[in-house]
There are 2 protein chains.
Amino acid sequence: MPLLAFGSADDEPCLRADAARNRARLLEAAACLVREQGAANLTMEAVAAAASVGKGTVFRRFGDRTGLLTALLDHSEKKFQAAFMSGPPPLGPGAGPVERLGAFGVALLRRTGDELELQLAAEPHPERRFSAAPRRVLHGHVVLLLRQAVPAADCELLAQTLMGYLSPVLVHHLTRQCGMPLERLEAGWLDLVARVTRTDFCC
Amino acid sequence: MPLLAFGSADDEPCLRADAARNRARLLEAAACLVREQGAANLTMEAVAAAASVGKGTVFRRFGDRTGLLTALLDHSEKKFQAAFMSGPPPLGPGAGPVERLGAFGVALLRRTGDELELQLAAEPHPERRFSAAPRRVLHGHVVLLLRQAVPAADCELLAQTLMGYLSPVLVHHLTRQCGMPLERLEAGWLDLVARVTRTDFCC
DNA sequence: TTACGAACCGGACCGAGGTCCGCTTAAATT
DNA sequence: AATTTAAGCGGACCTCGGTCCGGTTCGTAA
C-alpha cells in the first residue's frame with residue numbers, strides 16, 4: 001500500500017512521479033497544438049503523439065476531450081474564482097450584491113471573450129453541462145448574490161437564467177455570428193441584472 | 001431538365017418518387033427505433049438498416065443526425081408555431097404581449113417536457129445551435145412580443161435570455177437531475193417575464 | 001418507345017473519440 | 001537489495017458519424 005507524496009504545486013495530489021510528468025507534458029503539448037491549429041482542430045491522438053505518450057494515457061488522465069480542454073482552462077478559472085470570492089470590490093466582497101452581480105457578469109464576459117475558442121471546445125456533453133465543477137461554482141456564487149438581493153425570488157431559477165446569458169456559446173453567437181460588440185453584451189447584462197433584481201412593486 | 005411534382009402533402013417539395021418513399025420509410029423506422037430504445041441510442045446505421053436503405057441515403061436526405069431528429073420533431077414544431085402565430089389567445093394574437101409571453105413559455109415548457117428525450121438528442125452542434133430554423137422562429141416571436149412590451153430595451157438580448165430559460169438542456173437538468181417539478185419552472189417563467197418586462201422606474 | 005441526364009442509391013471508406021487488457025515500473029516494505 | 005503490488009502505460013481495437021464515388025433509376029422529351 002504505497003503512500004504517495006502530494007502533488008508538486010497546484011492541482012490534485014497523489015499522482016505517481018511518471019504520471020505527473022506525463023500529465024505536464026500532455027498539457028504543454030495540448031496548449032501548443034491549440035496555439036498552432038486552434039482548439040476546434042485538436043485531436044486526442046495528436047496530443048498523445050506530441051507528448052510522446054500513448055492515447056490511453058490521455059484518456060486515463062483527463063477522462064475525455066472535454067476534461068483535457070477544461071484542464072487547459074483551469075488556471076484562468078482558478079484566478080477568476082479567487083477574484084470574485086476573495087478579491088477586491090466590486091467583484092469581491094465589500095460591495096452590494098447587485099453591484100457585485102454586475103461586475104461578475106462583465107468580468108466573466110470579458111474572460112469568455114478572450115478564451116472563446118477554448119471555452120467553446122471545452123463545452124461538456126449535455127448531461128454534464130450543468131454539473132461540471134466550474135459551472136457549479138459560478139452558479140453557486142450567483143445564487144448567493146441573488147439571495148441577498150432578492151430573497152423572495154426563486155434564486156435557483158433566476159441564477160440559471162443569468163448564467164445562460166453568460167454562456168460561451170451564446171457569447172460566441174452574438175459576437176462572432178451576429179457581429180455585436182462585447183460592450184453591447186455588457187450593457188445588456190447590467191440591464192438584465194437591474195430588471196431581475198428590481199424588488200419593489202411601487203406605484 | 002426534369003420537372004418534379006410537388007411533395008405529396010406536408011413538407012419540402014420536389015422530391016423524386018423513390019426519394020420521397022425512402023424519406024418516409026426512414027422517418028418511420030427512426031420513430032420506431034426511438035420508441036424502442038430511446039433517442040439517445042439511435043444510430044444512423046441502425047435507421048438505415050431498419051429502413052432497408054443505404055447509410056448514405058440517410059445523410060443525403062437529412063444532412064446529419066441532428067437533421068434526422070429535427071425532422072422527427074417537425075410535426076409538433078409546426079403545430080406549436082401555428083398555435084402562437086395564429087391560434088387563439090392568450091397564446092395567439094389577441095392578448096397583450098406580456099400575457100402572450102407568459103403563455104408562450106408555459107406552453108413551450110410543457111411541450112419540451114413531453115419530448116425531452118428527442119429534444120435533447122436533437123440539439124445541434126454549437127455553431128448551429130442558434131441559427132437552426134426552429135430556434136430562429138421561436139426567438140423571432142419572442143423578440144416581437146418583447147418589442148411591444150418593452151420597446152426601450154435591447155430586445156434581441158432579452159429574447160436570448162428568455163429563450164435560454166426554455167432550452168431543453170436546462171429543462172432536463174432542472175426536472176430530471178435536480179428533481180424540480182415542471183410547475184416550479186412554469187412559475188419561474190412567469191416571474192421572470194414579469195421582472196424582465198417591468199418597464200416603470202417609478203418612486 | 002427510346003434515349004438521355006439529373007437525381008438518387010448503396011456501401012466501402014475514413015477520422016476521431018473512447019475502451020480494454022497484458023505488460024511495465026514506481027514506490028513502499030522487509 | 002530483494003520483493004511485492006497497485007498505479008501507470010500503450011496501442012490495438014471498437015463504434016459511430018460523416019464522406020465519396022461508381023453504378024442505378026426516375027422522369028422527361030423527342
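Chain letters run A, B, ... following the sequence lines, proteins first, then strands; residues in each count from 1. FYI, side chains are in, hydrogens and waters are out, and symmetry mates aren't considered; it's all heavy atoms of this structure.
Looking at residues 37-47 of chain A, you'll see A/Leu42, A/Thr43, A/Met44 sit with a heavy atom under 4.0 Å from some atom of DNA chain C. For the segment residues 52-59 of chain A, the set of residues with a heavy atom within less than 4.0 Å of an atom of DNA chain C comprises A/Lys55, A/Phe59, in numerical order.
Every residue meeting the side-chain contact (heavy atoms from CB on, under 4.5 Å) condition with A/Arg25, not counting sequence neighbours, appears here in chain and number order: A/Arg21, A/Asn22, A/Ala51, A/Ser52. A/Phe59 pairs by the side-chain contact (heavy atoms from CB on, under 4.5 Å) definition with A/Met44, A/Lys55, not counting sequence neighbours.
Looking only at distances, no side-chain donor or acceptor of B/Gln177 sits under 3.5 Å from a matching main-chain atom of A/Arg128. The backbone N or O of B/Met163 lies less than 3.5 Å from no partner atom in the side chain of B/Ser167, so there is not a single donor-acceptor pair. Although no hydrogens or angles enter the test, the distance criterion places no donor-acceptor pair under 3.5 Å between the side chain of A/Tyr165 and the main chain of B/Gly164.
Distance CG (A/Asp64) to P (D/dT15): 20 Å, rounded to an integer number of Å. Spacing between atom CZ of A/Arg25 and atom C1' of D/dG8 amounts to 14 Å, rounded to whole angstrom units. Regarding A/Leu15, its CG atom lies at a distance of 18 Å from the P atom of D/dA6, rounded to whole Å. In this entry the distance linking CZ of B/Phe62 with P of C/dC8 reads 13 Å, nearest Å. Atom C1' of nucleotide C/dA26 and atom CZ of A/Arg21 are separated by 11 Å, given to the nearest angstrom. Between the NE2 atom of B/His125 and the P atom of D/dC16 there is a distance of 16 Å, rounded to whole Å. The distance from atom CZ of B/Arg65 to atom P of D/dG18 is 8 Å, rounded to the nearest whole Å.
Shortest non-hydrogen contact noted between A/Thr112 and A/Leu166 is OG1-O, 4.4 Å.
Contact annotation: B/Arg23 does not reach the phosphate of C/dC8 (side-chain N/O to OP1 or OP2, under 4.0 Å). At the phosphate of C/dC8, neither OP1 nor OP2 sits under 4.0 Å from any side-chain N or O atom of B/Asn22.
A parallel orientation is assigned to the rings of B/Phe130 and A/His173, their planes being inclined by less than 30° (bins at 30° and 60°).
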Identify each atom pair where a protein N or O and an N or O of nucleotides 21-25 of chain D are less than 3.5 Å apart, giving names and distance.
| residue | atom | partner | partner atom | Å |
| --- | --- | --- | --- | --- |
| D/dT25 | O2 | B/Arg16 | NH1 | 3.2 |
| D/dT25 | O2 | B/Arg16 | NH2 | 3.3 |

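Applying the side-chain hydrogen bond (donor to acceptor under 3.5 Å, both in side chains) rule to pairs touching residues 137-154 of chain A yields A/His139-A/Glu156, A/Asp154-B/Arg184, sequence neighbours excluded.
Atom CE in B/Met85 sits 11.5 Å away from atom CG in B/Leu91 (nearest 0.5 Å). Taking OG1 of B/Thr70 as the start and CD of B/Glu77 as the end, the distance is 9.0 Å to the nearest 0.5 Å.
At a threshold of 4.0 Å, the pair B/Arg135-B/Glu123 does not count as salt-bridged, since none of the basic side-chain nitrogens sits closer than that to a carboxylate oxygen.
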